[in-house]
Colleague: 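This is the structure, below, for whatever I ask next.
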Amino acid sequence: MRQTKRMNFRPDEFLTVTFTLFAVIDIVGSIPLLISIKTKTGIIQEFKATIISGALMILFLFAGKPFLKVLGVNIQSFAVGGSVVLFLLGLEMVLGHEIFKSEKDAPSGTVVPIAFPLIAGSGTLTTIMSLKANFDEWIILAGIVANLVVIYIVLKSLKWVEKVLGKAGLLAVRKFFGVILLAIAVKIFGSNIAAFGK
């Protein structure tokens, strides 16, 4: 029965997962920071950054559950906790106030801070585990791959994207996906908090 479910492609589920990850990763909203890093370092290895961040996300997708089992935490509990983090991330994006403090003196580079924590940061990894409570792994994997394609394209065309959107456009995109993230966080919280009453 489980196998049959996995073989059915649901476009709505794929889009939900893809846009959830897109909102959390916020690669478009990170363009100003990415351009600053590229200016400082002189170069960003786009393919390497994409592969490393993808490997981290996929590793957490398949090894995250056994890791949680060792800690004695189930997927639903993690999803509820993750939804709170997502909600705070959404608030941060909408309100423009920094809730999650970053290391200001962290060295710039392809792996740190671009692949981790900018792309595959704690918010992204938490989201992947939260999504596992509601979606099949292969749907999440497809969403990760779709986002990696977008990430690579954005990294390859940083200045062009910035020129097209402008500062006002970047701000609007960030706030728009912040609102989406808030709605998704509420949905994940509501669907998993009910499990504790059963």
Colleague: Quick one, L155 and F47 - any side-chain contact, counting heavy atoms below 4.5 Å?
Modeller: no

Colleague: Grouping I, L, V, M, F, W and Y whenever their side-chain heavy atoms are under 4.5 Å apart, do I153 and W160 come out in a common cluster?
Modeller: no

Colleague: Which of parallel (below 30°), tilted (30 to 60°) and perpendicular (above 60°) describes F19 and F177?
Modeller: parallel

Colleague: Give, for atom CD of Q45 and atom CD1 of I51, the distance between the pair rounded to the nearest 0.5 Å.
Modeller: 12.5 Å

Colleague: If I compare all heavy atoms of A23 with all of L181, which pair ends up nearest, and what's the gap?
Modeller: CB-CD1, 4.0 Å

Colleague: Do Y152 and I144 sit in one hydrophobic cluster, given that two such residues count as connected whenever their side-chain heavy atoms are within less than 4.5 Å of each other, even indirectly?
Modeller: no

Colleague: Side chain of S83, backbone of V80: donor and acceptor closer than 3.5 Å?
Modeller: yes

Colleague: Measure across A49 and I114 and return the closest heavy-atom pair with its distance rounded to 0.1 Å.
Modeller: CB-CG2, 4.0 Å

Colleague: Which heavy-atom pair separates L182 from F87 by the least distance, and what is that distance?
Modeller: CD2-O, 3.2 Å

Colleague: Please determine whether the number of non-hydrogen atoms from other residues, nucleotides or ligands lying under 6.0 Å from atom NZ of K175 exceeds 12.
Modeller: yes

Colleague: I need the full list of salt bridge (charged side-chain N to carboxylate O under 4.0 Å, His left out) pairs touching residues 16-27, with sequence neighbours left out, sorted by first then second residue.
Modeller: D26-R174

Colleague: Assigning hydrophobic clusters by single linkage (Ile, Leu, Val, Met, Phe, Trp, Tyr; side-chain heavy-atom cutoff under 4.5 Å), is F135 placed with W138?
Modeller: yes

Colleague: Near F62 CZ, under 6.0 Å, is it more than 12 heavy atoms from other residues, nucleotides or ligands?
Modeller: yes

Colleague: Looking at CE of M57 and CG of N147, how far apart are the two atoms once the value is rounded to the nearest 0.5 Å?
Modeller: 7.0 Å

Colleague: Please report the interatomic distance CZ(R10) to CG(L15), rounded to the nearest 0.5 Å.
Modeller: 11.5 Å

Colleague: Looking only at non-hydrogen atoms, find the nearest pair between V17 and G143 and report the distance.
Modeller: CG1-CA, 4.2 Å

Colleague: Could you tell me which non-hydrogen atom of S30 sits nearest to which non-hydrogen atom of I25, and how far apart they are?
Modeller: OG-O, 4.1 Å

Colleague: Would you say the side chains of N134 and S191 form a donor-acceptor pair under 3.5 Å?
Modeller: yes

Colleague: Are the side chains of V145 and I58 in contact, using a 4.5 Å heavy-atom criterion?
Modeller: no

Colleague: Kindly give the heavy-atom pair with the smallest separation between L61 and I140, and that separation in Å.
Modeller: CD1-CG2, 3.8 Å

Colleague: Using 0.5 Å steps for rounding, measure from the CG atom of L95 to the CG atom of L88.
Modeller: 10.5 Å

Colleague: Look up atom CG in L158 and atom CD1 in I27, then write down how far apart they are to the nearest 0.5 Å.
Modeller: 7.5 Å

Colleague: Same cluster or not: are V149 and L21 linked, directly or through other Ile, Leu, Val, Met, Phe, Trp or Tyr residues, by side-chain heavy atoms under 4.5 angstrom apart?
Modeller: no

Colleague: Answer yes or no: does atom CZ of F14 have more than 12 heavy-atom neighbours from other residues, nucleotides or ligands under 6.0 Å?
Modeller: yes

Colleague: Using the test ring pair (Phe, Tyr, Trp, His ring centres under 6.0 Å), find all partners of F189 that sit at least two apart in sequence or belong to another chain.
Modeller: none

Colleague: Please answer: with hydrophobic residues joined when any side-chain heavy atoms are less than 4.5 Å apart, are F60 and L71 in the same cluster?
Modeller: yes

Colleague: Under a 3.5 Å distance rule, please check whether T124 uses its side chain to pair with a backbone N or O of I119 as donor and acceptor.
Modeller: yes

